[in-house]
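Contents: one structure, followed by commentary.
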Amino acid sequence: MNTRGFHIAVVGATGAVGQQMLRTLEERDFPIRQLTLLSSARSAGKTLLYKGEEFTVQEAKPESFEGVDIALFSAGGSISKQLAPEAVKRGAIVVDNTSAYRMDEGVPLVVPEVNKEDLKKHNGIIANPNCSTIQMVAALEPIRQSYGLKKVIVSTYQAVSGAGAQAINEMYGQTESILEGKEVTPEILPVGSDKKHYQIAFNAIPQIDKFQDNGFTFEEMKMINETKKIMHMPELSVAATCVRLPIETGHSESVYFEVETQGLSAAEIKNKLKEAPGIVLEDNPDEQVYPMPAHCVGKKEVFVGRVRKDLDEDTGFHMWVVSDNLLKGAAWNSVQIAETLIEMELVKEK
Ligand code: NAP
Ligand code: 3JM
């Protein structure tokens with residue numbers, strides 16, 4: 001540990017996102033003076049490695065945040081509701097990975113490539129958007145900046161790691177059972193707390209999070225509402241269909257969008273994506289080059305391919321957007337927010 005730098009707390013450190021958070025902090029050589037790892041009572045006492053050093057996980061309590069500069073939360077919405085205000089009360093800046101505060105006024109919802117200026121307006125809590133929203137807005141923003149944006153229709157192909165460590169285990173367990181010809185008893189997916197559970201192995205489940213009264217799921221509503229907030233475009237027309245697939249990591253999205261500008265070619269859209277921060281264009285049909293989840297695991301960028309102009313609508317285009325949901329979709333975007341806070345001098349060492 002350094003003698004200078006920040007006191008960082010990771011809430012949910014033992015989880016699928018928390019583990020990636022630790023790896024990302026390590027890889028970025030984040031300036032850390034003190035590291036506090038928090039979980040529920042279940043994992044308290046476990047040790048986790050950071051830069052080869054062992055850290056003991058503690059049960060998250062209000063007092064855990066004394067002296068903390070930045071708290072990275074990924075332990076579920078109810079924990080954030082309970083403990084984020086306690087962290088802020090003690091002088092920490094919270095970067096929250098849950099949906100608890102995303103749509104609250106006064107809480108910036110940030111993808112640094114898109115709206116880092118919003119960080120200036122924070123009141124202690126900064127929200128990290130939903131994984132599916134992050135990769136989509138990162139790809140749409142360079143197009144919006146040059147050509148405007150009118151409409152977005154997205155269908156997602158989401159990995160099980162987005163539903164946590166237990167969902168990953170459920171997918172592998174079911175796969176093994178089915179290959180051995182045994183019965184499976186789904187318990188977690190699509191949503192642990194919902195009435196019914198369905199097999200994820202060798203399946204596609206068109207439900208992520210719970211259904212709302214309007215027929216959309218909460219995941220779909222997150223994509224719709226968060227996109228409008230991040231882009232400062234309440235008038236943008238957005239629709240989403242979110243589907244879970246038996247892929248461990250890497251969310252894919254088929255995105256149809258309409259721009260304001262008439263007469264554009266797919267090449268012009270691709271040129272904007274090529275120059276955009278955090279985006280890698282992988283688009284060469286002649287050589288069968290396009291992004292896939294198996295190729296994006298462990299990478300921080302958002303990969304875009306299959307860019308093509310709609311055959312009927314002059315302002316309409318299609319693209320395929322893939323990213324590691326635990327990195328740009330969660331841990332990396334959060335650490336990037338923390339790095340941006342330092343760069344913009346919005347956080348100081350205590
Ligand atoms: P996970 O693998 O199930 O991990 C959950 C983590 O939360 C574990 O570290 C767990 O600790 C901890 N936890 C559970 N109950 C707690 C409590 N009462 N007090 C303190 N810690 C508690 O889930 P995950 O996939 O890492 O996701 C965690 C959360 O991050 C999600 O619920 C979601 O809100 C958010 N998330 C956001 C995105 C995004 O798109 N930005 C993506 C995925 C997840 P134990 O080891 O003690 O159980
Ligand atoms: C991704 O238990 C919970 O509250 C977590 C539900 C959840 C969320 C969420 O709503 O915070 C699971 C997976 C997310 C998310 O990023 O929106």
Side-chain angles (χ1 to χ4, degrees), residues 9-24 36-48 56-62 64-65 71-84 86-87 94-103 109-111 126-138 156 158-171 188-194 207-210 212 217-226 230 240 242 244 248-251 323-337:
V10 179
V11 188
T14 51
V17 176
Q19 286 291 288
Q20 288 299 325
M21 209 79 96
L22 287 178
R23 258 175 237 141
T24 307
T36 297
L37 303 185
L38 304 169
S39 72
S40 78
R42 286 183 297 275
S43 293
K46 261 193 194 169
T47 55
L48 296 174
T56 305
V57 179
Q58 302 161 41
E59 182 181 355
K61 295 186 178 145
S64 314
F65 300 96
L72 304 170
F73 273 73
S74 65
S78 61
I79 312 306
S80 293
K81 281 273 185 220
Q82 231 174 289
L83 291 178
E86 298 292 342
V94 167
V95 181
D96 183 32
N97 243 292
T98 78
S99 57
Y101 301 100
R102 286 182 190 144
M103 296 313 297
L109 180 65
V110 175
V111 177
I126 293 149
N128 189 84
N130 178 260
C131 39
S132 302
T133 310
I134 295 176
Q135 66 183 66
M136 182 173 80
V137 297
T156 71
Q158 297 184 220
V160 291
S161 59
Q166 288 183 313
I168 301 174
N169 291 339
E170 175 164 70
M171 179 187 76
I188 311 285
L189 290 165
V191 182
S193 60
D194 215 340
Q207 179 190 352
I208 301 187
D209 218 320
K210 290 193 172 166
Q212 311 293 289
T217 63
F218 190 43
E219 184 86 348
E220 291 159 356
M221 292 314 298
K222 288 176 200 171
M223 290 195 78
I224 293 166
N225 295 326
E226 294 176 19
I230 297 164
C242 294
R244 186 81 69 192
E248 181 174 336
T249 301
H251 286 356
S323 194
D324 184 324
N325 53 296
L326 297 177
L327 290 179
K328 185 58 182 166
W332 163 232
N333 198 67
S334 290
V335 172
Q336 199 184 8
I337 288 173

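Every number for a ligand or one of its atoms is a count from 1 in the order of the listing.
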- Look at atom 47 (O) of ligand 1 and find which of C131, S64, A41, S40 reaches it with the closest heavy atom.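 Looking at heavy atoms only, the winner is S40.
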- Query: Between G164, G192, A330, which one has a non-hydrogen atom sitting closest to atom 25 (O) of ligand 1?
  - Reply: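 Considering heavy atoms of G164, G192, A330, the nearest to atom 25 (O) of ligand 1 sits in G164.
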Identify the closest protein heavy atom to [atom]: which residue and atom is it, and at what distance?
{"atom": "atom 13 (N) of ligand 1", "value": "A75 CB, 3.8 Å"}
{"atom": "atom 39 (C) of ligand 1", "value": "G329 O, 3.4 Å"}
{"atom": "atom 30 (O) of ligand 1", "value": "S74 CB, 3.5 Å"}
{"atom": "atom 41 (N) of ligand 1", "value": "N97 OD1, 2.8 Å"}
{"atom": "atom 8 (C) of ligand 1", "value": "T14 OG1, 3.4 Å"}
{"atom": "atom 17 (C) of ligand 1", "value": "I79 CD1, 3.3 Å"}
{"atom": "atom 27 (O) of ligand 1", "value": "V17 CG2, 3.9 Å"}
{"atom": "atom 4 (O) of ligand 1", "value": "G15 CA, 3.2 Å"}

Test item: [X] side-chain N/O and [Y] main-chain N/O as donor-acceptor pair under 3.5 Å:
{"X": "E59", "Y": "L38", "answer": "no"}
{"X": "Q212", "Y": "K210", "answer": "yes"}
{"X": "T217", "Y": "I208", "answer": "yes"}
{"X": "S43", "Y": "S40", "answer": "no"}
{"X": "Q207", "Y": "D209", "answer": "yes"}

- Item | Enclosure of E86 CD (heavy-atom neighbours >12, cutoff 6.0 Å) |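 Check passes, neighbour count above 12.
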- Query: Would the number of heavy atoms belonging to other residues, nucleotides or ligands and lying under 6.0 Å from NZ of K81 be above 12?
  - Reply: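 Yes.
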Under 4.0 Å from a heavy atom of [X]: give me the atoms of ligand 1 that qualify, with their elements.
{"X": "N130", "result": "40 (O)"}
{"X": "N128", "result": "41 (N)"}
{"X": "P129", "result": "39 (C), 40 (O), 41 (N)"}
{"X": "G162", "result": "43 (C)"}
{"X": "G12", "result": "6 (C), 7 (O), 9 (O), 12 (C)"}
{"X": "R42", "result": "14 (C), 15 (N), 47 (O), 48 (O)"}

- Would you mind telling me if ligand 1 is within reach of the side chain of T98, the backbone, both or neither, using heavy atoms under 4.0 Å?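 Both parts.
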- Using a heavy-atom cut-off of under 4.0 Å, does the side chain or the backbone of H251 touch ligand 1, or both, or neither?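 Near ligand 1, H251 shows nothing, with every heavy atom at 4.0 Å or more.
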Does the N or O separation between [X] and ligand 1 drop below 3.5 Å for any pair?
{"X": "A16", "answer": "yes"}
{"X": "A165", "answer": "yes"}
{"X": "G18", "answer": "no"}

- Message: Which residue is it: Q336, H251, Q135? I am looking for the one with a side-chain hydrogen bond (donor to acceptor under 3.5 Å, both in side chains) to K328.
- Response: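 That would be Q336.
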- Message: Whether the T133 and E226 side chains hold a donor-acceptor pair (N or O, under 3.5 Å, no angle test) is what I'd like checked.
- Response: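 E226 and T133 do have a side-chain donor-acceptor pair below 3.5 Å.
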- Query: Among side-chain atoms of N325 and Q158, is any donor-acceptor pair under 3.5 angstrom?
  - Reply: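 No - no donor-acceptor pair under 3.5 Å links their side chains.
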- Task: Take L37 and T56 through the side-chain contact (heavy atoms from CB on, under 4.5 Å) test and state the conclusion after the steps.
- Result: CA-CA 7 Å; L37 303 185; T56 305; over 6 Å; no
What's the spacing between [X] [atom1] and [Y] [atom2] if we round to 0.5 Å?
{"X": "W332", "Y": "I337", "atom1": "CH2", "atom2": "CD1", "result": "10.5 Å"}
{"X": "N130", "Y": "N333", "atom1": "CG", "atom2": "CG", "result": "11.0 Å"}
{"X": "I230", "Y": "R102", "atom1": "CD1", "atom2": "CZ", "result": "9.0 Å"}

- Does R102 come within less than 4.0 angstrom of ligand 1, counting non-hydrogen atoms of the residue?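 Yes, that is the case, since the closest heavy atom of the residue is under 4.0 Å from the ligand.
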- List the steps and the verdict of side-chain contact (heavy atoms from CB on, under 4.5 Å) for N128 and I134. CA-CA 9 Å; N128 189 84; I134 295 176; 3.6 Å; yes
- Near ligand 2, at a heavy-atom separation below 4.0 Å: residues by chain and residue number: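 Ligand 2 pocket, heavy atoms under 4.0 Å: G76, G77, N97, T98, S99, R102, N130, G162, K222.
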- Determine, step by step, whether T156 and E219 satisfy the side-chain contact (heavy atoms from CB on, under 4.5 Å) criterion, reporting the C-alpha distance in whole Å, the side-chain angles of both residues, the deciding distance to 0.1 Å, and the verdict. CA-CA 10 Å; T156 71; E219 184 86 348; over 6 Å; no
- Query: Hey, mind stepping through Q20 and D324 against side-chain contact (heavy atoms from CB on, under 4.5 Å) and telling me if it holds?
  - Reply: CA-CA 11 Å; Q20 288 299 325; D324 184 324; 5.6 Å; no
